[in-house]
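Accompanying notes for the structure given below.
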Amino acid sequence: MSKELPETPDAPLFFVSYRRSFIPDRPTVAGRPYGKEILQFFDDLTDDVGELIGAPLNYKPGYLDRADSFGTEWERQLLTAIGTCQVLVCLLSEPLLRDSEWCAREWHAFARREIIRDPALAREHQRAIVPVIWMPLHPTLELPKRVSQIGIYFPPGLPDPGYETAYRENGLLGLIRSGQHTAYRAIVWKIAMHVDHVRRSCLVRPDVPADSSILSTDFEEDV
């Protein structure tokens with residue numbers, strides 16, 4: 001089942017889902033600004049995945065919503081990307097799980113797609129959703145059912161066991177802001193390797209939602 005590129009021409013290989021937040025004097029996305037760290041993570045992951053898959057110069061393996069307004073065209077582009085990509089990377093934070101209706105929609109749009117696993121390559125219970133810790137999650141936090149069924153991604157085989165502890169306690173955002181660059185880059189590389197493994201071992205069939213109204217806006221909903 002090994003594939004050089006996603007099944008749909010020009011489809012992104014991975015989609016990064018993140019919560020937009022209001023930060024004065026920052027670039028905006030859909031009217032809601034985002035921080036430079038989101039762009040740094042996306043660019044780093046895009047570079048690593050591109051190297052691993054040998055991406056052609058004109059192919060962009062990642063998708064990040066950078067639109068500056070809502071509207072039919074913006075929504076259609078986003079739904080097309082989430083309905084045709086092969087991997088969903090979700091940047092988890094408590095605010096995202098609590099109140100990000102669009103992230104819940106993106107998760108639902110991807111999770112409802114059919115996934116075909118290559119038994120010779122796919123790991124047991126292989127999923128194509130990769131929930132990573134973006135901001136620290138409180139130890140007593142009970143993850144919504146739709147997230148707990150997948151489980152948080154913890155990179156295997158890190159060169160220093162302390163990296164996982166730092167990731168768990170700080171999240172990727174915290175690693176960037178506290179200057180723990182070596183741990184951050186090691187984890188991003190592992191995420192890229194995981195994205196590449198999913199590409200090789202699974203096929204997620206395209207299914208673009210007709211519009212966003214059919215998608216759940218709550219991570220707690222059992223859909």
Side-chain angles (χ1 to χ4, degrees), residues 2-3 12-19 34-55 61-64 85-97 103 106-107 110-111 115 117-118 120-144 146-202 204:
S2 178
K3 309 178 295 299
L13 174 53
F14 68 90
F15 182 112
V16 173
S17 180
Y18 67 102
R19 178 184 182 271
Y34 51 65
K36 62 183 179 181
E37 294 89 355
I38 291 287
L39 294 178
Q40 179 179 341
F41 169 77
F42 177 74
D43 289 343
D44 289 339
L45 184 60
T46 298
D47 288 347
D48 287 351
V49 170
E51 291 285 351
L52 285 168
I53 69 173
Y63 179 89
L64 181 76
C85 67
Q86 291 296 293
V87 183
L88 171 62
V89 178
C90 185
L91 304 186
L92 293 182
S93 67
E94 293 187 35
L96 178 146
L97 296 172
C103 289
E106 291 160 2
W107 185 293
F110 189 88
I115 180 170
R117 300 170 179 85
D118 184 338
L121 296 175
R123 303 183 182 108
E124 187 176 5
H125 307 302
Q126 179 77 66
R127 303 297 184 98
I129 299 178
V130 187
V132 301
I133 304 173
W134 182 245
M135 292 196 291
L137 302 173
H138 195 276
T140 62
L141 175 69
E142 184 175 348
L143 294 174
R146 290 162 60 188
V147 179
S148 64
Q149 286 177 335
I150 301 293
I152 295 173
Y153 176 74
F154 287 97
L158 289 170
D160 184 329
Y163 290 175
E164 180 175 319
T165 301
Y167 167 60
R168 187 188 298 271
E169 294 179 350
N170 295 271
L172 291 175
L173 176 62
L175 294 180
I176 295 172
R177 291 190 174 177
S178 61
Q180 299 182 69
H181 183 72
T182 304
Y184 161 77
R185 285 301 289 128
I187 292 167
V188 173
W189 176 252
K190 289 290 187 177
I191 295 172
M193 291 179 65
H194 186 65
V195 169
D196 183 44
H197 176 77
V198 173
R199 173 187 74 93
R200 294 175 181 274
S201 61
C202 301
V204 187

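Residue numbers start at 1 and run along the sequence shown. What you see is a predicted model; the values in this text were computed from it and never measured.
A distance of 4.0 Å separates CG of L52 from CH2 of W189, quoted to the nearest 0.5 Å. We find the NE2-NZ distance between H197 and K190 to be 12.5 Å, quoted to the nearest 0.5 Å. Interatomic distance, CG of L175 versus NE2 of H181, reported as 11.0 Å (0.5 Å rounding). Note that CD1 of I133 and CD1 of I152 are 4.5 Å apart. Values are rounded to the nearest 0.5 Å. The CD atom of E142 sits 8.0 Å away from the OG atom of S148 when rounded to the nearest 0.5 Å. Here the SG atom belonging to C103 is positioned 9.0 Å from the CG atom belonging to L88, to the nearest 0.5 angstrom.
Under the 4.5 Å side-chain criterion, counting only non-hydrogen atoms from C-beta, I38 is in contact with L91. Inter-residue side-chain proximity for L96 and W107 is flagged as unmet; no heavy-atom pair is nearer than 4.5 Å. Side-chain contact between W134 and F41 is present, with heavy atoms from C-beta onward closer than 4.5 Å. The closest side-chain heavy-atom distance from D48 to R185 is below 4.5 Å. L97 has its side chain within reach of L141: a pair of non-hydrogen atoms, C-beta onward, lies under 4.5 Å apart. Looking at heavy atoms from C-beta onward, V87 lies out of side-chain contact with V49 at the 4.5 angstrom threshold. Contact of the D196 side chain with the R200 side chain is registered, since non-hydrogen atoms from C-beta on lie closer than 4.5 Å. Considering only heavy atoms from C-beta on, D44 comes within 4.5 Å of Y184 through its side chain.
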Review point. Run the side-chain contact (heavy atoms from CB on, under 4.5 Å) check on Y63 and C85 step by step: do they pass?
Key: CA-CA 9 Å; Y63 179 89; C85 67; over 6 Å; no
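Note on residues 155-167: pairs passing side chain to side chain donor-acceptor pair (under 3.5 Å), not counting sequence neighbours, are E164-R168.
Heavy atoms from other residues, nucleotides or ligands lying under 6.0 Å from CD of E94 number more than 12. Within 6.0 Å of the CE atom in M193, the count of heavy atoms belonging to other residues, nucleotides or ligands does not exceed 12.
Nearest approach of R127 to V198, heavy atoms of both residues: O-CG2, 3.7 Å. Considering every non-hydrogen atom in both P131 and L92, the closest pair reads CB-CD1, 3.7 Å. Closest non-hydrogen pair, R146 versus I150, comes out as O-CG1, 3.7 Å. Residue A186 comes nearest to P159 through the heavy atom pair CB-CD, 4.4 Å, listed as atom of the first residue, atom of the second, then distance.
When the ring-ring contact (aromatic ring centres under 6.0 Å, His included) test is applied to Y153, the partners found at least two apart in sequence or on another chain are H194.
In this structure, the side chain of Q86 engages the main chain of V204 through a donor-acceptor pair within 3.5 Å.
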